[in-house]
Amino acid sequence: MSEQNDWNKQVIAEFRENGGKVGGHFKGWDLLLLHTTGAKSGLERVTPLVCMAEGDNLFVIASKGGASTHPDWYYNLKANPGVEVEFGRERFVAEAVEVEGARRAELYERMAKRHSFFYDYAEKAGRVIPVILLERG
């Protein structure tokens, strides 16, 4: 198992043990657990992600730490946009919708104002980093 997978497992366990709260590096941040279906494997994947509210919905940023490629979970939800989300103690079904244009820029800016590393990721990536709205089902 990769180091990243081990780290994600620890974050997921802490999230679930503490009603959606995670300490350390993530203390005070809003996180969710995104359940996707693997685009190739068809297997369930769970990814912890920083999120923000947008009305009754949540949104996430497919930054992959500023990498030049999109994260695997992005490809999973593009192939299978029906997802499940764990947020706090709540778990719900959602539709993952990629936001584009001015709305994408506005949501990205909101996230970056709260978490400035997203500005760095945008510079470093050399790509338009997707913003994904998770619309409650």
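- Rounded to the nearest 0.5 angstrom, K21 NZ and R89 CZ are separated by 10.0 Å.
- By the side-chain contact (heavy atoms from CB on, under 4.5 Å) test, E123 is found to be paired with no residue, residues two or more places apart in sequence or in another chain being considered.
- Residues F118 and V99 share a single hydrophobic cluster, defined by chaining ILVMFWY side chains whose heavy atoms lie under 4.5 Å apart.
- Every residue two or more places apart in sequence or in another chain was checked for a side chain to side chain donor-acceptor pair (under 3.5 Å) with Y75, and none qualifies.
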L58 vs V85, side chain to side chain contact (heavy atoms under 4.5 Å, CB included): CA-CA, chis, key distance, verdict: CA-CA 9 Å; L58 299 168; V85 176; 4.1 Å; yes
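- Cluster membership for V46 and W7, using ILVMFWY side-chain heavy atoms within less than 4.5 angstrom, is shared.
- For R127, the salt bridge (Lys or Arg N to Asp or Glu O under 4.0 Å) test picks out no residue, with sequence neighbours left out.
- Listed by first then second residue, pairs satisfying salt bridge (Lys or Arg N to Asp or Glu O under 4.0 Å) with a partner in residues 46-69 read E54-R103, E54-R110, not counting sequence neighbours.
- Every side chain to side chain donor-acceptor pair (under 3.5 Å) that E44 has, sequence neighbours left out, goes to H35.
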Could you give me the CA-CA distance, side-chain angles and deciding distance for V50 and I61, then say whether side chain to side chain contact (heavy atoms under 4.5 Å, CB included) is met? CA-CA 8 Å; V50 175; I61 308 290; over 6 Å; no
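- In this structure, R16 pairs ionically with E86, as a charged nitrogen and a carboxylate oxygen lie closer than 4.0 Å.
- In terms of the side-chain contact (heavy atoms from CB on, under 4.5 Å) criterion, residue partners of N57 (sequence neighbours excluded) are, by chain and number, L133, E135, R136.
- A39 and A79 get closest at one heavy-atom pair: CB-CB, 3.7 Å.
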Pair F59, C51 - check side chain to side chain contact (heavy atoms under 4.5 Å, CB included), show working. CA-CA 6 Å; F59 71 93; C51 66; over 6 Å; no
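- Rounding to the nearest 0.5 Å gives a distance of 12.0 Å between CD of E84 and CG of L134.
- Criterion: ILVMFWY side-chain heavy atoms under 4.5 Å apart, direct or through other members. Under it, V93 and F87 are not part of a common hydrophobic cluster.
- T37 pairs by the side-chain contact (heavy atoms from CB on, under 4.5 Å) definition with N80, not counting sequence neighbours.
- In this structure, the side chain to side chain donor-acceptor pair (under 3.5 Å) partners of T36, at least two apart in sequence or on a different chain, are N76.
- A donor-acceptor pair is defined here as one N or O able to donate and one able to accept, closer than 3.5 Å; no such pair exists between the side chain of K113 and the backbone of Y108.
- Side-chain contact between D72 and T47 is absent, with no heavy-atom pair separated by less than 4.5 Å.
- Judged as a side-chain contact (heavy atoms from CB on, under 4.5 Å), and not counting sequence neighbours, the contacts of S41 are L43, R45.
- Qualifying salt bridge (Lys or Arg N to Asp or Glu O under 4.0 Å) partners for K78, counting only residues two or more places apart in sequence or in other chains: E98.
- Cluster annotation: V60 and I129 are assigned to distinct hydrophobic clusters (Ile/Leu/Val/Met/Phe/Trp/Tyr, side-chain heavy-atom contacts under 4.5 Å, transitive).
- Every ring-ring contact (aromatic ring centres under 6.0 Å, His included) that Y74 has, sequence neighbours left out, goes to H70.
- Here CD of E109 is found 10.0 Å from CD of E106. Values are rounded to the nearest 0.5 Å.
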Show me, pair by pair, the donor-acceptor contacts under 3.5 angstrom made by side chains of residues 24-33, not counting sequence neighbours?
none

Go through it in stages, so that I can follow the logic: the residues are W73 and I132, the test is side chain to side chain contact (heavy atoms under 4.5 Å, CB included), and I'd like the CA-CA distance, side-chain angles, deciding distance and then a yes or no. CA-CA 11 Å; W73 62 262; I132 308 299; 4.1 Å; yes
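- Connection of V131 to F117 is established within a shared hydrophobic cluster, with ILVMFWY side chains joined at heavy-atom distances below 4.5 Å, either directly or through further cluster members.
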